[in-house]
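Chain A is the first sequence line, chain B the second, and so forth, proteins listed ahead of strands; every chain is numbered from 1.
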Amino acid sequence: MASGEFFMEAENQITPERKSLDDRNKMTELERIRHSCAHVMATAILRIWPEAQFAAGPPVENGFYYDLELAHRISPEDFPRIEEEMKKEIKANNVFERTTVTREQAIKDAESGRLGGLAERPGNVSKFKLGNLADIPEGEAISYFRNGDFLDLCAGPHVMRTGNIGAFKLTTVASAYYKGDEKNPQVQRIYGTAFKNKTQLDEYFKMLEEAKRRDHRKIGAEMGLYAIDTEYVGPGMPLWLPKGTVLVEELEKLAKEAEFAAGYVRVRTPHLAREKMYTTSGHLPYYAESMFPPMELKEKDSTPGAEADRYYLKAMNCPHHHRIFAAEPRSYRDLPLRLAEYGCCYRYEQSGELFGLMRVRSLNMNDAHIYCTEEQFAQEFRAVNEMYLHYFKTFGLEKYQMRFSTHDPSKLGQKFVDDPVLWRKTEDMVRRVLVESGINFVEVANEAAFYGPKIDVQVWSAIGREFTIATNQVDFAVPAKFGLTYRDRDNTDKTPLCIHRAPLGTHERFIGFLIEHYAGNFPLWLAPEQVRILTVNDESALCEYAQPIIKELRANMVRVDTDFGSEPIKAKVANAEAARVHTMLVIGARDVEGGNVSVRLHGKGHVGAKPKAEVIAGILEAIRTRAA
RNA sequence: GCCAGCUUAGCUCAGUGGUAGAGCAGCAGUUUUGUAAACUGCUGGUCGUCGGUUCAAAUCCGACAGCUGGCUCCA
């Protein structure tokens with residue numbers, strides 16, 4: 001609930017609606033190749049393990065997979081063998097032959113084990129195919145595709161012949177739930193990729209290598225930004241090293257400035273709260289699994305009315321902010337009330353979910369809650385969106401997707417608060433604001449928070465994983481649970497709307513994202529080491545010449561380091577470049593003579609010698625304006 | 001949490017049953033240099049942890065932990 005979702009990605013995979021045959025026929029050539037390659041892989045696996053049962057084998061973003069059940073656990077060691085068989089099938093250049101059958105025939109073939117097999121397999125029913133058959137609506141054609149001996153229940157489409165598959169490679173194995181449902185049995189999922197030709201396949205793997213180089217986990221270690229000490233601190237709980245802390249504090253500074261200008265006030269809240277907080281908010285017991293287990297106090301707390309002596313680490317800030325709203329009587333004159341805090345939260349994410357800085361257990365949220373009236377809502381919501389766009393511009397962020405998540409009327413009262421009128425009203429308000437602001441967005445039904453519609457901003461990590469980097473949510477339900485009211489001008493008490501917003505998400509995820517976005521080459525205002533002064537040798541005259549420059553830069557809060565050692569200048573430059581120092585100022589006898597410094601910019605090379613006052617002024621201006 | 005893979009020095013990696021290695025980094029000297037890496041020497045490891053097999057284990061087997069790629073979850 002509440003800011004609960006702020007740093008979460010939305011579903012990595014939105015459960016796809018069942019595709020119509022028309023939609024399927026829109027598959028691109030590459031998708032056909034990949035889907036066909038999945039059939040070829042199944043053919044190969046069956047030649048080795050004829051008893052394998054296959055479930056589903058679609059093309060996916062970077063390749064394809066096929067789910068199967070098999071007593072033997074397929075491991076990457078088996079890949080060469082499977083790929084060998086696949087090559088044979090491709091070389092055979094069999095036709096993908098489509099036939100349509102009646103449902104009765106299909107059921108008969110599934111029961112004989114023929115579907116997803118090379119031959120009939122008595123006693124080995126094609127159970128997953130039988131399950132898939134049940135999903136095909138009455139009236140829709142039931143089709144088979146056959147290549148060689150392999151006969152599969154499949155809507156297609158495929159390439160003409162197996163030989164049309166240009167180049168392929170098996171990549172990984174995973175376990176997956178049949179039909180993606182946790183309640184279903186697990187199946188083995190074999191992933192592969194395929195392209196029109198070998199060149200494109202090679203390019204794809206080269207691109208993956210490139211992506212690994214800008215992976216925030218790699219750059220984070222190289223630059224000394226953060227460390228994760230699983231032994232003493234714990235998995236998923238990053239320690240910010242001095243250079244990473246610079247990034248954290250620069251972001252906070254940016255946020256504080258933007259929020260101050262937009263009329264927010266700052267608050268601070270403890271990291272713990274009593275159990276009553278989360279029974280009231282509705283987080284317990286339903287979300288207890290995602291929270292760290294409670295701390296039990298040995299002695300009874302004497303507070304009257306205490307439910308229990310249990311304290312929880314907060315997983316979100318909103319309940320605390322709600323209590324700040326409740327701490328004083330509120331008038332309509334106080335609204336909108338915008339409470340902002342870089343709140344520190346803790347969530348017990350499953351171990352398999354942790355991912356560098358992108359998915360962690362301790363996190364600092366760029367959180368704020370805006371309490372307002374219905375009349376004020378559109379204006380406030382628009383202002384929040386403008387703040388997002390301001391940030392995106394600052395960071396040169398262009399590849400993102402705004403996702404507007406709405407409710408599903410059929411799930412009112414279960415997944416969503418049962419107030420159809422307010423849903424319609426708030427969704428209309430949000431949609432209108434988006435359209436009026438000229439913001440591009442996609443609308444996704446059934447993905448709202450349970451208390452109201454929301455907008456998530458999706459971005460992609462270097463290796464292609466999708467994350468919610470920011471979120472903006474409407475809450476028309478939870479303030480009432482906490483009994484929050486304001487006195488309106490008609491002297492009655494009313495419940496405010498609440499906007500939960502986190503345009504910079506969490507420090508952890510946002511910085512993880514920025515590291516990859518910039519590949520560690522941060523703009524001057526963000527760079528952990530902004531300036532390094534390099535002397536051509538260790539003569540004292542050069543070091544002395546540098547002193548007033550250092551003094552002036554530091555007086556203006558510029559992060560400046562020095563390299564006055566006796567190494568050759570080439571080595572000093574190489575070290576500074578490797579450390580991704582934004583601006584290198586080289587000082588030699590010639591510079592001292594002319595009152596200059598020689599400027600070199602990271603990744604851009606030597607810019608030339610300039611008067612030192614001019615260089616200092618330029619640095620200060622670039623930082624002040626947060627130039628890209 | 002599930003499936004698979006991985007875990008050797010701060011980092012990148014070599015080492016398939018017989019006395020733990022290299023490069024980089026670090027430290028100490030030498031060098032005094034004009035824009036991406038001067039030279040010499042030294043330090044540094046209970047080979048993730050625990051248990052087993054063996055005369056002998058980084059190496060073979062098992063359990064556990066962490067990480068990575070997926071799956072599931074994601075208020």
Side-chain angles (χ1 to χ4, degrees), chain A residues 1-13 60 65 67 73-79 171-178 180-191 208 212 215 217-218 221-222 224 227-231 234-236 278 281-284 286-291 315-316 318-319 347-356 359 415 449-451 454 463-465 467-468 473 475 478 500 534-539 542 565-579 584-591 598-603 605-609:
Chain A
M1 100 171 352
S3 38
E5 270 199 333
F6 276 15
F7 79 111
M8 301 279 188
E9 67 266 39
E11 282 62 10
N12 282 332
Q13 302 214 317
V60 289
Y65 66 78
D67 285 347
R73 292 267 159 226
I74 293 180
S75 90
E77 284 181 18
D78 296 317
F79 286 177
T171 51
T172 185
V173 307
S175 104
Y177 298 101
Y178 176 52
D181 189 334
E182 206 180 357
K183 291 186 280 290
N184 285 339
Q186 291 205 320
V187 287
Q188 301 189 55
R189 176 168 294 179
I190 317 294
Y191 280 91
L208 282 187
K212 272 187 203 159
D215 191 312
R217 293 164 298 184
K218 186 169 167 61
E222 281 168 8
I228 293 182
D229 180 344
T230 54
E231 189 180 357
Y278 302 109
S281 70
H283 291 101
L284 288 174
Y286 300 108
Y287 306 113
E289 258 186 24
S290 304
M291 295 174 76
M316 68 296 298
C318 31
R347 299 181 179 186
Y348 192 77
E349 301 291 349
Q350 294 186 74
S351 59
E353 273 300 298
L354 301 175
F355 178 65
R359 191 76 180 266
K415 192 172 170 183
F450 84 80
Y451 47 73
K454 63 176 181 176
I463 57 170
R465 224 186 264 193
F467 287 96
T468 298
Q473 313 180 350
D475 180 350
V478 181
H500 308 248
L534 319 174
T535 51
V536 169
N537 58 44
D538 65 357
E539 303 289 339
L542 300 185
S566 67
E567 279 175 302
I569 188 65
K570 271 175 174 291
K572 294 186 186 184
V573 166
N575 289 336
E577 287 284 353
M584 288 151 271
L585 302 181
V586 175
I587 295 174
R590 288 206 299 269
D591 301 292
S598 294
V599 180
R600 182 188 170 100
L601 299 177
H602 171 57
H606 190 199
V607 176

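- Two residues, A:Ser290 and A:Asp538, neighbour RNA chain B, and the one matched to the more 5' nucleotide by heavy-atom proximity is A:Asp538.
- With both ends at atom P, the span from B:A25 to B:G62 equals 41 Å, rounded to whole Å.
- Taken from CD1 in A:Ile569 to OG1 in A:Thr535, the straight-line distance is 6.5 Å, to the nearest 0.5 Å.
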Should A:Glu577 and A:Met584 be marked as a side chain to side chain contact (heavy atoms under 4.5 Å, CB included) after you check the CA-CA gap, both sets of side-chain angles, and the distance that decides it? CA-CA 9 Å; A:Glu577 287 284 353; A:Met584 288 151 271; 3.3 Å; yes
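- Side-chain atoms of A:Ser598 and base atoms of B:G34 include a donor and an acceptor less than 3.5 Å apart.
- A heavy-atom distance below 4.5 Å is found between the side chains of A:Met316 and A:Arg347.
- In this structure, A:Ser290 OG and A:Glu349 CD are separated by 6.5 Å, a value rounded to the nearest 0.5 Å.
- Looking at the side chain of A:Glu539, the nearest of the listed nucleotides B:U32, B:A37, B:G34 is B:U32.
- Between A:Arg600 and A:Leu534, the closest side-chain pair of non-hydrogen atoms is not below 4.5 Å.
- What separates CZ of A:Phe355 from C1' of B:G70 is a distance of 12 Å, to the nearest Å.
- Of the candidates B:G69, B:A37, B:U35, B:U35 carries the atom nearest the A:His606 side chain, counting heavy atoms from C-beta on.
- Under the Watson-Crick or G-U wobble criterion, with both distances below 3.5 Å, B:C71 is paired with B:G1.
- Within 4.0 Å of A:Ala576, counting heavy atoms only, lies no atom of the nucleic acid at all.
- For the C1' atoms, the distance from B:A57 to B:C11 is 27 Å, rounded to whole Å.
- Nearest nucleotide to the side chain of A:Tyr191, out of B:C71, B:C67, B:A37: B:C71.
- Spacing between B:G44 and B:C39 at atom P, rounded to whole Å, works out to 24 Å.
- Taking a pair to require two hydrogen-bonding distances under 3.5 Å in either a Watson-Crick or a G-U wobble arrangement, B:U7 pairs with B:A65.
- Donor-acceptor pairing under 3.5 Å, judged by distance alone, is present between the side chain of A:Asp591 and the base of B:G34.
- Rounded to whole angstrom, the span from the CD atom of A:Glu231 across to the P atom of B:A65 amounts to 15 Å.
- A close approach under 4.0 Å does not occur between any side-chain nitrogen or oxygen of A:Arg359 and OP1 or OP2 of B:C74.
- When both distances must be under 3.5 Å, the Watson-Crick or G-U wobble mate of B:U46 does not exist.
- As the counterpart of B:C13, B:G21 is assigned, both hydrogen-bonding distances of the Watson-Crick or G-U wobble pattern falling under 3.5 Å.
- Rounded to an integer number of Å, the gap from CD of A:Gln188 to C1' of B:G5 is 14 Å.
- B:G52 sits 28 Å from B:G10 when the P atoms are compared, rounded to a whole Å.
- When distances run from any side-chain atom of A:Ala176 to the nucleotides B:G69, B:U35, B:C71, the shortest one goes to B:C71.
- Taking the side chain as every heavy atom from C-beta outward, A:Val60 and A:Tyr65 approach each other to under 4.5 Å.
- Summarising the base pairing, B:C60 is matched to B:G52 through a Watson-Crick or G-U wobble pair whose two defining distances lie under 3.5 Å.
- Following rounding to the nearest Å, A:Ile228 (CD1) and B:U68 (C1') show an atom-to-atom distance of 13 Å.
- Here the CG-CD distance, from A:Asp538 to A:Glu567, works out to 10.5 Å after rounding to the nearest 0.5 Å.
- Taking the P atom of each, B:A58 and B:G51 are spaced 14 Å apart, rounded to whole Å.
- Rounded to an integer number of Å, the gap from A:Lys454 NZ to B:C74 P is 11 Å.
- Nearest to the side chain of A:Asn537, among B:A4, B:G34, B:U32, sits B:U32.
- Counting non-hydrogen atoms under 4.0 angstrom, A:Gln350 reaches a base of the nucleic acid.
- Of the candidate nucleotides B:A4, B:G66, B:A36, B:A4 has the atom nearest to the side chain of A:Arg73.
- For the C1' atoms, the distance linking B:G45 with B:G15 amounts to 14 Å, nearest Å.
- Pairing of B:A37, defined by two Watson-Crick or G-U wobble distances under 3.5 Å, is not identified with any nucleotide.
- Judged by distance alone with a 3.5 Å cut-off, no donor-acceptor contact links the side chain of A:Arg189 to the base of B:C3.
- Taking the side chain as every heavy atom from C-beta outward, A:Ile74 and A:Phe79 approach each other to under 4.5 Å.
- Distance from the side chain of A:Arg590 is smallest to B:G34 among B:G34, B:U35, B:U32.
- Two residues, A:Val173 and A:Gly605, neighbour RNA chain B, and the one matched to the more 5' nucleotide by heavy-atom proximity is A:Gly605.
- A:Gly603 comes within 4.0 angstrom of nothing in the nucleic acid, heavy atoms only.
- The CG atom of A:Leu534 sits 9 Å away from the C1' atom of B:U35 (whole-angstrom rounding).
- The separation of B:U49 from B:C73, taken at their P atoms, amounts to 36 Å, rounded to a whole angstrom.
- Nucleotides B:C6 and B:C13 have their P atoms positioned 14 Å apart, rounded to a whole Å.
- Atom P of nucleotide B:C67 and atom CD of A:Glu349 are separated by 13 Å, given to the nearest angstrom.
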